[in-house]
Amino acid sequence: MTTADFLHEATARGFVFQCTDTEGLESALKSGIVSGYIGFDCTADSLHVGHMLPLMMLRLLQRHGHRPIPLLGGGTTKIGDPSFREEARQLLTTEQIEINKAGIRRNIEKLMHFGDGPTDAAMPDNAEWLDKLSYIELLREVGVHFSVNRMLGFDSVKSRLEREQGLTFLEFNYSILQSYDFRELNRRYGVTLQMGGSDQWGNIVSGIDLVRRTDSKTVFGLTTPLLATASGVKMGKTAKGAVWLSAERLPVFDYWQFWRNTEDADVGRFLKLFTDLPLPEIARLEALGGAEINEAKKILANEATALIHGAAAAADAAETARRQFEEGTGGDVPRVGIAASELAEGGIAVFRLLALAGLVASNAEARRLIRGGGARLDDAPVKDEGLVVPESALRAGVRVSSGRKHHRLVQID
């Protein structure tokens with residue numbers, strides 16, 4: 001790989017949504033090592049699958065001989081990014097932010113090589129400079145370069161202003177601080193590229209403008225698409241909640257199973273975005289049809305899990321899945337096969353699944369079980385009796401339970 005190939009492969013894999021200056025960035029990439037950053041606010045003690053797209057972007061940057069800078073938002077977390085959120089984030093204590101920061105650092109360190117070399121990753125914390133800012137100094141030196149009219153035009157701001165809750169002045173400052181980060185990283189680390197999700201476009205452009213106005217330097221912005229599955233579900237969201245990267249938050253097997261349950265239409269796309277497999281190999285796997293697509297899903301699950309939890313843990317998860325869902329052993333858990341004709345609108349309602357599994361005598365009894373808190377899906381409590389279990393999950397196999405002692409492994413025959 002050469003440094004000039006980064007943008008080409010990033011585009012081929014589906015990472016690129018917008019770029020502020022494609023020709024200029026290509027020229028910079030060809031001229032030498034580019035340092036690029038993405039910020040991660042510390043709102044939880046683990047990142048989740050929704051963060052994997054920017055993390056893989058940084059990983060790809062390093063694989064092509066450039067320097068990734070994952071920035072911890074120890075300072076900006078104290079305000080909260082309002083982008084496309086329905087309401088303000090809950091403000092965290094300094095102690096909680098420190099705990100979250102440590103967990104996120106452990107997630108990121110698994111995906112990049114850190115050190116003192118020219119392409120080794122660095123992980124600064126914007127609290128290093130934001131916590132020391134004087135408000136009056138910030139207004140005079142930086143605030144003068146921001147147009148309120150322009151900021152009000154950002155899609156992320158407009159979406160909040162259109163809601164009843166509105167946007168607090170605290171949150172309105174977020175864009176200024178993110179722009180300040182870009183300039184500070186440029187000065188301290190020579191960063192010339194900021195990357196992020198497409199919802200960050202306005203903030204990224206503001207940072208580029210600040211660097212140009214105050215330091216007369218040319219820097220670049222690159223955004224990734226906001227991902228949804230083929231069925232329209234936000235990437236990383238499941239019936240059980242967020243798919244966390246930390247094993248303390250989510251067992252490795254459940255993480256593996258999340259990828260194994262990928263919808264058929266998403267397999268090729270996710271192999272490109274969330275694994276290091278070469279594009280020709282992905283093209284071969286993407287072309288598989290029928291039952292063979294399940295082999296591609298297993299490869300996706302193995303590769304994606306190995307990146308976060310290691311190859312040994314991924315192999316253990318794959319073997320556990322093989323025993324449970326292919327041999328039907330799963331310890332003492334009986335396997336129940338159901339006909340594909342039972343599917344309706346891409347899946348089966350969970351109350352119906354409990355009845356088909358033989359855990360209850362009727363749909364009505366299943367609804368009562370759910371309302372009483374006694375039903376579980378893959379060991380997670382079922383709270384919505386109308387929840388639909390998708391076909392992709394049923395083909396891989398799901399575990400349904402009545403209480404703590406009665407379980408079935410259900411799979412489409």
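Just so it is clear, the values below take in all heavy atoms, side chains as well, and ignore hydrogens, waters and symmetry mates.
Residues Glu248 and Arg106 are not paired through a salt bridge, judged by the lack of any N-O separation under 4.0 Å between the basic side chain and the carboxylate.
Atom NE2 of His113 sits about 7.5 Å away from atom CD of Gln62, to the nearest 0.5 Å. The OG1 atom of Thr77 sits 10.0 Å away from atom CD of Glu98, with the distance rounded to the nearest 0.5 Å. Rounding to the nearest 0.5 angstrom, the gap separating the NZ atom in Lys110 from the CD1 atom in Ile308 is 6.5 Å. Distance check, rounded to the nearest 0.5 Å: OG of Ser206 to CG of Leu177 gives 12.0 Å. Within the model, atoms CZ of Phe6 and OG1 of Thr11 stand 8.5 Å from one another, a figure rounded to the nearest 0.5 Å. For the atom pair Leu300 CG and Thr305 OG1, the distance stands at 8.0 Å (nearest 0.5 Å).
Here Ala296 pairs with Val267, Leu285, Leu288, Ile293 under the side chain to side chain contact (heavy atoms under 4.5 Å, CB included) rule; sequence neighbours left out. A search for side chain to side chain contact (heavy atoms under 4.5 Å, CB included) contacts involving Leu369 returns Leu354, Val360, Ala375, Ser402, not counting sequence neighbours.
Side-chain contact between Phe274 and Arg13: absent, with no pair of heavy atoms (C-beta onward) separated by less than 4.5 Å. Side-chain contact check for Ile104 versus His51: every heavy-atom pair is 4.5 Å or farther apart. With a 4.5 Å cut-off on side-chain heavy atoms, Thr275 and Ile282 count as touching. In this structure, Trp256 and Asp316 have side chains that are not in contact, with every pair of non-hydrogen atoms separated by 4.5 Å or more. A 4.5 Å side-chain heavy-atom check between Arg260 and Asn294 finds at least one atom pair inside the cut-off. In this structure the side chain of Phe17 reaches within 4.5 angstrom of the side chain of Ser198, judged on heavy atoms. Annotation: side chain of Leu130 is in contact with side chain of Leu133 (closest heavy-atom distance under 4.5 Å). Under the 4.5 Å side-chain criterion, counting only non-hydrogen atoms from C-beta, Phe351 is in contact with Ile370.
Between the side chain of Asn126 and the backbone N or O of Gly75 there is at least one donor-acceptor pair closer than 3.5 Å. Of the possible polar contacts, none joining the Arg67 side chain to the Ala121 backbone as a donor-acceptor pair under 3.5 Å is found. Counting only distance, with no hydrogens or angles, the side chain of Asn302 and the backbone of Lys298 share a donor-acceptor pair below 3.5 Å. Not a single donor-acceptor pair under 3.5 Å links the side chain of Ser27 to the backbone N or O of Glu23.
Taking each heavy atom of Val211 and Arg183 in turn, the nearest pair found is CG2-CA, 3.7 Å. Among all heavy-atom pairs drawn from Phe40 and Leu58, the shortest one is CE1-CD1, 4.1 Å. The shortest non-hydrogen separation linking Lys101 to Gly74 is CE-CA, 4.1 Å. Taking all atoms of both residues into account, the shortest heavy-atom contact from Ser46 to Arg249 is CB-CG, 4.2 Å. The minimum heavy-atom distance linking Phe114 with Pro70 is given by the pair CZ-CG, 4.1 Å. The minimum heavy-atom distance linking Ser246 with His309 is given by the pair C-CE1, 4.3 Å.
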Does the side-chain contact (heavy atoms from CB on, under 4.5 Å) test come out yes or no for Ile338 and Leu353, once each step is laid out? CA-CA 9 Å; Ile338 59 174; Leu353 197 62; 4.0 Å; yes

side-chain contact (heavy atoms from CB on, under 4.5 Å) between His64 and Leu29: does it pass, once the steps are laid out? CA-CA 10 Å; His64 280 282; Leu29 291 165; over 6 Å; no

Test side-chain contact (heavy atoms from CB on, under 4.5 Å) on Leu394 and Leu343; report intermediate values, then the result. CA-CA 10 Å; Leu394 291 164; Leu343 293 173; 3.8 Å; yes

Leu250 vs His48, test: side-chain contact (heavy atoms from CB on, under 4.5 Å). Steps then yes/no. CA-CA 10 Å; Leu250 183 76; His48 53 71; over 6 Å; no

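Side chain to side chain, Thr229 and Asp266 fail the donor-acceptor criterion of an N or O pair below 3.5 Å. For the 3.5 Å distance criterion, the side chains of Asp181 and Trp129 qualify, holding a donor opposite an acceptor. The closest side-chain donor-acceptor pair between Thr43 and Asn100, if any, does not fall under 3.5 angstrom. Under 3.5 Å, the side chains of Gln200 and Gln178 contain a donor-acceptor pair of N or O atoms.
Screening Thr93, Asp131, Leu92 for a side-chain contact (heavy atoms from CB on, under 4.5 Å) involving Lys78 leaves a single residue, Asp131.
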